[in-house]
*Asks:* 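Provided herewith is a single structure, encoded as structure tokens, for subsequent inquiry.
Letters A, B, ... mirror the listed sequences (proteins, then strands); counts begin at 1.
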Number of protein chains: 2
Amino acid sequence: MRQGCFNVRVQNSDAMALSAALLAVAGDLTQRIQEGVVARGFADLRPAHGFAFARLAPGGATVTDLAAHLGVTKQAASQLVEEIVRKGYAERRPHPGDARARLIVLTERGWACTSAAEEAAAEVVGDWVRTLGEGEVGALGARLARIAPGGPIRPAW
Amino acid sequence: MRQGCFNVRVQNSDAMALSAALLAVAGDLTQRIQEGVVARGFADLRPAHGFAFARLAPGGATVTDLAAHLGVTKQAASQLVEEIVRKGYAERRPHPGDARARLIVLTERGWACTSAAEEAAAEVVGDWVRTLGEGEVGALGARLARIAPGGPIRPAW
DNA sequence: TCCATATCGTCAAGCAGCTTGACCAATGCG
DNA sequence: CGCATTGGTCAAGCTGCTTGACGATATGGA
């Protein structure tokens, strides 16, 4: 009976409180990373670009890959790539093994921006450590990792 | 020295992994609540409306209150109110004590939708309980509540 | 009391980011 | 070889948000 359907019923109000807290923290995190990235000299980027960089970082990706990762159409992903290429954060290379596709890879400036985002994220997490303690934050991350979906990263709304 | 500046330094990569997990969970949560609300018969609403309902629920709010809560201009909040009023989820009442303002309150249908959202949220949290166990989810909620900002609820990007 | 200033809500116009639809080039399977 | 499928882009349109302006009401100081 334990772990059965009736055991996992949660008070709706508790679920809403948990959801609200999670979304508030997520929104705050996004905003503060964005502010940190801007403060480090990358003022021409939005949070969505950061999520794209995260997908491009390990070896590059195609426009279609990026579209799937961001949960948008490939046209939207193509426009986003056009923008970050124009601004010097990435470049298009011929794809080895498929002449239709192009491999989008980060430039030096793209990597610098990625580092800036990591620093900004570490600052925010550092604040959490000050509030909760190191072990608690570690436990938080471990639990979130276990319930994180594998699917595309989507905006909160 | 404990809890000092150098103690709360976090590995940047760890901070990014934690941030990514948090945002992935938040995006997934939002999407699944949205799907649950639609499945319960409220197909003409977007996630943003749910956040508005959360602010309207306890006693109503003005357009300006709502704008601050959602982190948008009051014009945008006004448009959103116009929409939920037109669709029958809320109504405008004269504000007691300020003839300029209007008190936006949920209708019966608005309350029904709020309940649907709570049920959908409880379903998602129920899944987490199945994965982590009840105590772990409770701890998760407690920690998130301690680091949740008081400011406006914002989209993840 | 009277008037200047601030605030509440709305109308109007513009814009940014995404969508749908169409298309060409390259792929790979029968 | 023939042809359906896939990768990427161009073009047009829509939606939700922004900035700017405005009348109506509140508020506070002379």
*Asks:* Is the shortest side-chain heavy-atom distance between Phe53(A) and Trp111(A) below 4.5 Å?
*Replies:*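 When only atoms from C-beta onward are counted, Trp111(A) and Phe53(A) do not touch, as no gap falls below 4.5 Å.
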
*Asks:* I need the CD-P distance between Gln75(B) and dT15(D), as an integer number of Å.
*Replies:*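 Nearest whole value for this atom pair: 20 Å.
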
*Asks:* CZ of Phe51(A) versus C1' of dG17(C): gap in Å, rounded?
*Replies:*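 Rounded to the whole Å, the gap is 16 Å.
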
*Asks:* Rounded to whole Å, how long is the line connecting atom NZ of Lys74(B) with atom C1' of dG23(D)?
*Replies:*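 Value for this atom pair: 12 Å.
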
*Asks:* To check you understand the geometry: which heavy-atom pair defines the closest contact between Arg109(B) and Lys87(B), and what is its length?
*Replies:*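 Taking Arg109(B) first and Lys87(B) second, the nearest heavy atoms are NE-O, 3.9 Å.
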
*Asks:* So, is Arg92(B) near the phosphate of dC8(C), with a side-chain N or O under 4.0 Å from OP1 or OP2?
*Replies:*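 No, no such contact exists.
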
*Asks:* How would you label the contact of Ala101(B) with the nucleic acid (heavy atoms, under 4.0 Å): base, sugar-phosphate, or nothing?
*Replies:*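 Here Ala101(B) touches the backbone only, sparing every base.
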
*Asks:* Could you tell me how far apart Leu66(A) (CG) and dG7(D) (P) are, to the nearest whole angstrom?
*Replies:*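 Atom CG in Leu66(A) sits about 14 Å away from atom P in dG7(D).
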
*Asks:* Look at Ser78(B) and dT10(C) and indicate whether a side-chain polar atom (N or O) is within less than 4.0 Å of OP1 or OP2.
*Replies:*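 Yes, because at least one side-chain N or O of Ser78(B) sits under 4.0 Å from OP1 or OP2 of dT10(C).
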
*Asks:* Any side-chain heavy-atom pair from Ser19(B) and Ile33(A) closer than 4.5 angstrom?
*Replies:*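 In short, these two side chains touch, coming nearer than 4.5 Å.
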
*Asks:* So that I can tick it off, tell me whether Arg102(B) and Glu91(B) are bridged by a salt bridge, with the cut-off set at under 4.0 angstrom between side-chain N and carboxylate O.
*Replies:*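 The answer is no: the pair does not qualify as a salt bridge.
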
*Asks:* Can you check whether Thr73(A) has a side-chain N or O nearer than 4.0 Å to OP1 or OP2 of dC18(C)?
*Replies:*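 Negative; the distance criterion is not met.
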
*Asks:* Would you mind classifying the nucleic acid contact of Thr64(A) as base, sugar-phosphate or nothing, using non-hydrogen atoms under 4.0 angstrom?
*Replies:*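 If one applies the 4.0 Å heavy-atom cut-off, Thr64(A) turns out to touch the sugar-phosphate alone, with no base involved.
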
*Asks:* Measure CG/Leu70(A) against C1'/dC18(C) and give the value in whole Å, please.
*Replies:*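 Rounded to whole Å, this separation is 12 Å.
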
*Asks:* Could you tell me whether the side chain of Gln34(A) reaches within less than 4.5 Å of the side chain of His49(A), counting heavy atoms only?
*Replies:*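 When only atoms from C-beta onward are counted, Gln34(A) and His49(A) do not touch, as no gap falls below 4.5 Å.
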
*Asks:* Expressed in angstrom and rounded to an integer, what is the separation of Leu103(B) atom CG from dC8(C) atom P?
*Replies:*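 Rounded to whole Å, this separation is 14 Å.
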
*Asks:* Do Glu35(B) and Arg40(B) meet the salt-bridge criterion of a basic N to acidic O distance under 4.0 Å?
*Replies:*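 A salt bridge is absent here (no side-chain N lies under 4.0 Å from a carboxylate O).
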
*Asks:* Does Asp98(A) have any salt bridge (Lys or Arg N to Asp or Glu O under 4.0 Å) partners at least two apart in sequence or in another chain, and if so, which?
*Replies:*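 Partners of Asp98(A) under the salt bridge (Lys or Arg N to Asp or Glu O under 4.0 Å) test: Arg100(A).
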
*Asks:* Write down the distance between CD (Gln79(B)) and P (dC11(C)), rounded to a whole number of angstrom.
*Replies:*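 To the nearest whole Å, that distance equals 10 Å.
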
*Asks:* Any chance you could list the contact pattern along nucleotides 24-30 of chain C? Use B for base contacts, S for sugar-phosphate-only contacts and - for none, protein heavy atoms under 4.0 Å, 5' to 3'.
*Replies:* -BBS---

*Asks:* Return the value, rounded to whole Å, for the distance between atom CD of Glu83(A) and atom C1' of dA16(C).
*Replies:*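 Taking CD of Glu83(A) and C1' of dA16(C), I get 10 Å after rounding.
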
